[in-house]
Structures are given as structure tokens and as C-alpha cells.
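Working notes for the structure below.
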Amino acid sequence: MKNNYRNLSVKELTDEESKLRSELFNLTFQNKVGQLQDTSRIRIVKKNIARVKTALKEKTAGAKE
């Protein structure tokens, strides 16, 4: 879902951001405990959060203008 974030509405973007933040919390916790096998997933989720925040910023900045 790399480039599809710009097609989502503001509500969907905020929902996606909260879902990704929850996933990041769980992955970080699993990593600290030693249960996480694929540690690269943490970096992928962080990048997706940044993509969602960028798309959200573009939507809200566009609405203000």
C-alpha cells in the first residue's frame, strides 16, 4: 500500500495511522522481549507511518487553502 495513501480520506488516514502506531508498539515490544523474527518490519512500519502523516498533512493543508 505504498502509494495508495494519497487516495484515502482524512478519516481513513487517521485510522490507518493509529493502526500502524499500534502495530509499531507491538513490534517494538516483541523485539525487546526477543520474540520478533523479522526486525526489518519495524523500519517498514515507521516508513508507512511517515507516508500516512505526509498524505494527511497534504490533505489538511489543501483544505486550508
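Atoms considered below: every heavy atom in the structure, side chains included; atoms not considered: hydrogens, waters and symmetry mates.
Contact check for Leu13 versus Glu16: no side-chain heavy atoms found under the 4.5 Å cut-off. At least one side-chain heavy atom of Asn48 sits under 4.5 Å from a side-chain heavy atom of Tyr5.
For the atom pair Asn31 CG and Gln37 CD, the distance stands at 10.5 Å (nearest 0.5 Å). Phe29 CZ to Gln35 CD: the interatomic distance, rounded to the nearest 0.5 Å, is 7.5 Å. Here the CD1 atom belonging to Ile42 is positioned 5.0 Å from the OG1 atom belonging to Thr28, to the nearest 0.5 angstrom. Annotation: the span from Glu12 atom CD to Leu56 atom CG amounts to 12.0 Å, rounded to 0.5 Å. In this structure, the separation between CG on Leu27 and CG on Leu20 is 10.0 Å, given to the nearest 0.5 Å.
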Practice prompt. Check step by step if side chain to side chain contact (heavy atoms under 4.5 Å, CB included) holds for Lys47 and Ile44.
Written response: CA-CA 5 Å; Lys47 286 184 179 185; Ile44 293 168; 5.9 Å; no
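Formation of a donor-acceptor pair under 3.5 Å by the Lys59 side chain with backbone atoms of Arg6 is found in this model.
Taken together through direct or relayed side-chain contacts under 4.5 Å among Ile, Leu, Val, Met, Phe, Trp and Tyr, Ile49 and Leu8 form part of one hydrophobic cluster.
Using a 4.0 Å cut-off between a side-chain N of Lys or Arg and a carboxylate O of Asp or Glu, Glu23 and Lys19 do not qualify as a salt bridge.
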